[in-house]
Protein chains: 2
Amino acid sequence: MAIQLRPSQALRLWQQTSLAEVRGQRPDLTERQMAILLTIYLDPPPHTVRGLADRLGVTKPVITRALDTMGAMKLVSRHRDERDRRNVLIKRTVEGALFVERFGDVVVAKAQELPL
Amino acid sequence: MAIQLRPSQALRLWQQTSLAEVRGQRPDLTERQMAILLTIYLDPPPHTVRGLADRLGVTKPVITRALDTMGAMKLVSRHRDERDRRNVLIKRTVEGALFVERFGDVVVAKAQELPL
DNA sequence: CATGAATGATACGGAGCCGAAACGGTTCCG
DNA sequence: CGGAACCGTTTCGGCTCCGTATCATTCATG
């Protein structure tokens with residue numbers, strides 16, 4: 001059986017999670033950066049700039065810049081593809097995995113606190 | 001019984017919803033703006049700049065600017081409090097209610113598509 | 001090889017948000 | 001009254017992101 005969520009619960013979940021993230025002093029990411037990060041950590045590799053741009057429906061520079069930013073935060077890393085040196089493969093990092101994991105835990109916690 | 005969500009499901013839900021929002025060409029809001037908007041629509045009124053700033057843990061100018069932006073999008077409206085003219089009361093709009101409602105539906109839809 | 005296609009990175013001008021500080025209007029209270 | 005406290009707004013300089021266009025490198029193809 002699929003996850004059943006009423007609209008009011010969905011909105012409350014999003015609000016509570018967003019509030020927790022805004023109030024926390026973690027590195028803050030834009031919605032696009034978050035979508036990219038989650039895609040890297042949830043979708044099967046390999047991940048390329050082009051692939052991510054298509055997945056998000058945005059231009060390549062958006063991905064490059066997001067990777068610059070998140071790379072500086074050590075949330076992702078870039079490696080030249082040795083088989084086709086035009087490609088850049090984006091990989092996970094320990095810090096990034098921890099960040100994503102912690103975020104998932106926040107959502108789960110807020111979901112449990114939801115009123116029925 | 002509370003909503004039970006596994007971390008992997010929570011992350012997938014967030015990813016799918018974020019992707020849908022990024023890909024859609026709806027007016028795009030920052031995480032803070034989204035938190036403010038949801039708070040206005042979910043928490044009981046009255047809402048003031050000061051109150052929202054405290055709730056979010058941010059400074060007052062952040063709220064003022066967010067209200068400027070979302071006001072221009074007609075997602076919220078401002079009215080001077082006639083009882084205490086120092087206050088500004090933030091109210092909902094028809095457009096804002098539609099926006100929030102639509103967003104809730106997206107989350108619900110993504111939740112239903114979630115793998116077990 | 002030479003040429004064209006594909007990849008990711010970069011340059012540029014513009015727009016939006018940020019925090020800190022200062023400002024004008026309103027109310028409270030001695 | 002008159003000053004202090006409170007409220008929301010504005011200003012300022014700085015930073016980040018945006019989209020478009022262009023670039024260098026690498027690969028595929030004839």
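Chain letters run A, B, ... following the sequence lines, proteins first, then strands; residues in each count from 1.
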Discussion item. Using whole Å, what does the distance between atom P of nucleotide C:dT26 and atom CG of B:Leu89 come to?
Written reply: 15 Å

Worksheet item: So does A:Arg86 pair up with A:Asp84, basic N to acidic O under 4.0 Å?
Response: yes

Practice prompt. In whole angstrom, give the distance that lies between atom CG of A:Asp28 and atom C1' of C:dG19.
Written response: 13 Å

Practice prompt. Round to the nearest Å and state the distance from B:Glu31 atom CD to C:dC18 atom P.
Written response: 11 Å

Worksheet, complete the sentence: From CG of A:Leu67 across to P of D:dC17 the rounded distance in Å is 12 Å

Worksheet, complete the sentence: A:Arg86 has its side chain closest, among C:dA5, C:dG8, C:dG19, to C:dA5

Item to complete: Using whole Å, report how far CG of A:Leu29 lies from C1' of C:dC17.
Response: 16 Å

Practice prompt. Check the hydrophobic clustering (I, L, V, M, F, W, Y; side-chain heavy atoms under 4.5 Å; chains of links allowed) and say if B:Val62 and B:Val88 are grouped together.
Written response: no

Worksheet, complete the sentence: Comparing nearest nucleotides in DNA chain C, the 5'-proximal residue of the pair B:Arg65, A:Arg80 is A:Arg80

Practice prompt. Verify the contact: side-chain N or O of A:Thr64 to OP1 or OP2 of C:dA9, cut-off strictly under 4.0 Å; return yes or no.
Written response: yes

Worksheet entry | Geometric class of the A:Phe103/B:Trp14 ring pair [parallel <30°, tilted 30-60°, perpendicular >60°] | perpendicular

Practice prompt. Please check if the side chain of B:Arg12 supplies one atom and the backbone of A:Leu42 the other of a donor-acceptor pair under 3.5 Å.
Written response: yes

Worksheet entry | Closest nucleotide among D:dC18, C:dG19, C:dG8 to the B:Val62 side chain | C:dG19

Fill in: B:Lys60 NZ to C:dG25 C1', straight-line distance once rounded to whole Å
12 Å

Worksheet item: Does the side chain of A:Thr48 get closer than 4.0 angstrom to OP1 or OP2 of C:dG8 through an N or O atom?
Response: yes

Discussion item. Between C1' on D:dC6 and CZ on B:Arg50, what's the gap in Å once rounded to a whole number?
Written reply: 8 Å

Discussion item. So A:Asp68, base contact, sugar-phosphate only, or nothing? Heavy-atom distance under 4.0 Å.
Written reply: nothing

Worksheet item: Are B:Asp43 and B:Arg55 ion-paired here, with the side-chain N under 4.0 Å from a carboxylate O?
Response: yes

Practice prompt. Tell me which of A:Gln33 and A:Arg83 sits closer to the 5' end of DNA chain D, going by the nucleotide each one is nearest to.
Written response: A:Gln33

Discussion item. Heavy atoms from C-beta onward define the side chain here; which of D:dT10, C:dT10, C:dC17 lies closest to that of A:Pro61?
Written reply: C:dT10

Fill in: Distance, rounded to the nearest Å, where B:Ile63 contributes CD1 and C:dC18 contributes P
9 Å

Worksheet, complete the sentence: Assign each of A:Thr69 and A:Thr59 the nucleotide of DNA chain D bearing its closest heavy atom; nearer the 5' end lies the nucleotide of A:Thr69

Worksheet entry | From C:dG19, C:dT27, C:dT7, nucleotide with atom closest to A:Asn87 side chain | C:dT7

